[in-house]
Amino acid sequence: MKNLKEHFLKTLDIALKLKEKPLTSALPPHKLIESFDICLEENPSVESAIDTIEKIISYSVNTQNPRFLNQLNGGSTQESWLGELLVSILNTSMATFEIAPLATLMEKEIISQLGKKIGFDHCEGLMAPGGSYANMLGLHCARQFYNPSIKKQGNNKQFHIYVSEDAHYSSEKALNLMGMGTKSLIKVKTDETHKMSLSELKKAIEASKRSHITPLCVVSTAGTTVWGAFDPLEGISEICQKEGLWHHVDAAWGGLAIWSEKAPSLFKGLHLAQSIALDFHKLMASSLTKGMFITSKKGILQQANSGGGGEYIFHNHDDKDKASFDTGTYALQCGRRVNSLPVWLQWKLNGAEGYKKQAHKMFTLAKFTQNFIQKSPEKYKLLLEPEYMNICFQVLPTQSSMPLGEFNSRMREELLSRGHFMVNYAKDKQHGAFFRLVLSQWGLTEDIIKELFAELELIKNKLDKT
Ligand code: ABU
């Protein structure tokens, strides 16, 4: 590329101002196709790379704008941008120590620090391309632990895996991929605070045993995607210990708040689990996607995932010193992205103190938002007292007789089309559609939250008349 330095500097200049730039053009697909030259041609037709870069930025969703509150991830720290730049330039893979020496040590250091914080006696793991993948590794390790012969013989036994009815859909996907069948997933009822009910879990395990199906694993959630609910980890671990089951915790959304002392009860018993999935790109605003799988079970990742490559890439570990540093022998992939570097750099530059501050800030903003909503019961209905950073609420119409769920669905459509804010919604049988406001944006402030509610007020007034 010509003028590389100029392009980098210009792009950086744009990037540094993104917090103040528009959030989204909110164009539907056909309008976007009309507005942007998407076609790829045999010969280049682009006059100026910078024009193209500027257009890419302006027609993409600008998640650096702190009004992007749509997903569990939002924005990313400048430290992680630096890390990403290095990853692209160094352009190596995590397969062996010899090609990724520092990145391997960085990954091990992150895992070791996490293990200490959680309270694991022993800790090993891998960075994974997201929480779903890390959850799949949890199920894979559980199966390997209880039935190592499956690795060679294939799966011919039916197991049951238990999740709460509010759990993320990744366990279902993993069971499909692992050939265990989605019918192996048992959705356990939650209580009125959306936490897995321990008595219902016990009943479900008993029912499996009565049907001669082997209970294998409980996947509990530390921070559900919609409600931000934390399952009772300690109680679930006790049941797992008694029944001899693997306990995996999907802590992709909630796990890294462990640095804050604001809600220690949420993490009680986390150290008793056999494996945990965490995502640095959610609450901690690393660049996407920085999933992490950690386990306290020594050697299980290598037992479950190793296979092949001995002759040509791992060289049968002729160098015994390096053997345990060749992470490709305990990953499922051969080439694996160097995701440790941006996370390590962010941690190195901000310290664990940075994580603590972020978690504190979001807990405080969640309380502020809760109070803001509860101060105006004639305007808003808070659907669950938040214990984490998910605020689920509905806007109440003044005049409209539209069903509440439908009214809120229309509100959200209008909010999106205005392009100033993005806040997601969910639906359930009890409420219909409602707003799921999630707080993880580093740049978020009380003023921006007030601005959101002022915008919702405007939209409500408009819709109320229709
Ligand atoms: N595991 C990704 C969750 C995405 C979201 O709820 O925003």
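Counting starts at 1 for both ligands and their atoms, following the listed order.
Ligand 1 has no nitrogen or oxygen under 3.5 angstrom from a nitrogen or oxygen of T225.
E172 and T182 form no side-chain donor-acceptor contact under 3.5 Å, judged by distance and modelled atom types alone. Between the side chains of S170 and N135, a donor-acceptor pair is found at a separation under 3.5 Å.
For R143, the CZ atom counts as densely surrounded, since its 6.0 Å shell holds more than 12 non-hydrogen atoms of other residues, nucleotides or ligands. Environment of OH in Y425: sparse, with no more than 12 heavy atoms of neighbouring residues, nucleotides or ligands closer than 6.0 Å. In the displayed structure, K117 atom NZ is contacted under 6.0 Å by more than 12 heavy atoms of other residues, nucleotides or ligands.
Protein heavy atom nearest atom 6 (O) of ligand 1, with residue, atom name and distance: R436 NH1, 2.8 Å. At the top of the distance list for atom 7 (O) of ligand 1, counting protein heavy atoms only, stands Q71 NE2, 2.6 Å. Counting protein heavy atoms only, atom 3 (C) of ligand 1 is closest to L72 CD1, 3.7 Å. Among protein heavy atoms, the minimum distance from atom 2 (C) of ligand 1 is reached at K282 NZ, 3.7 Å.
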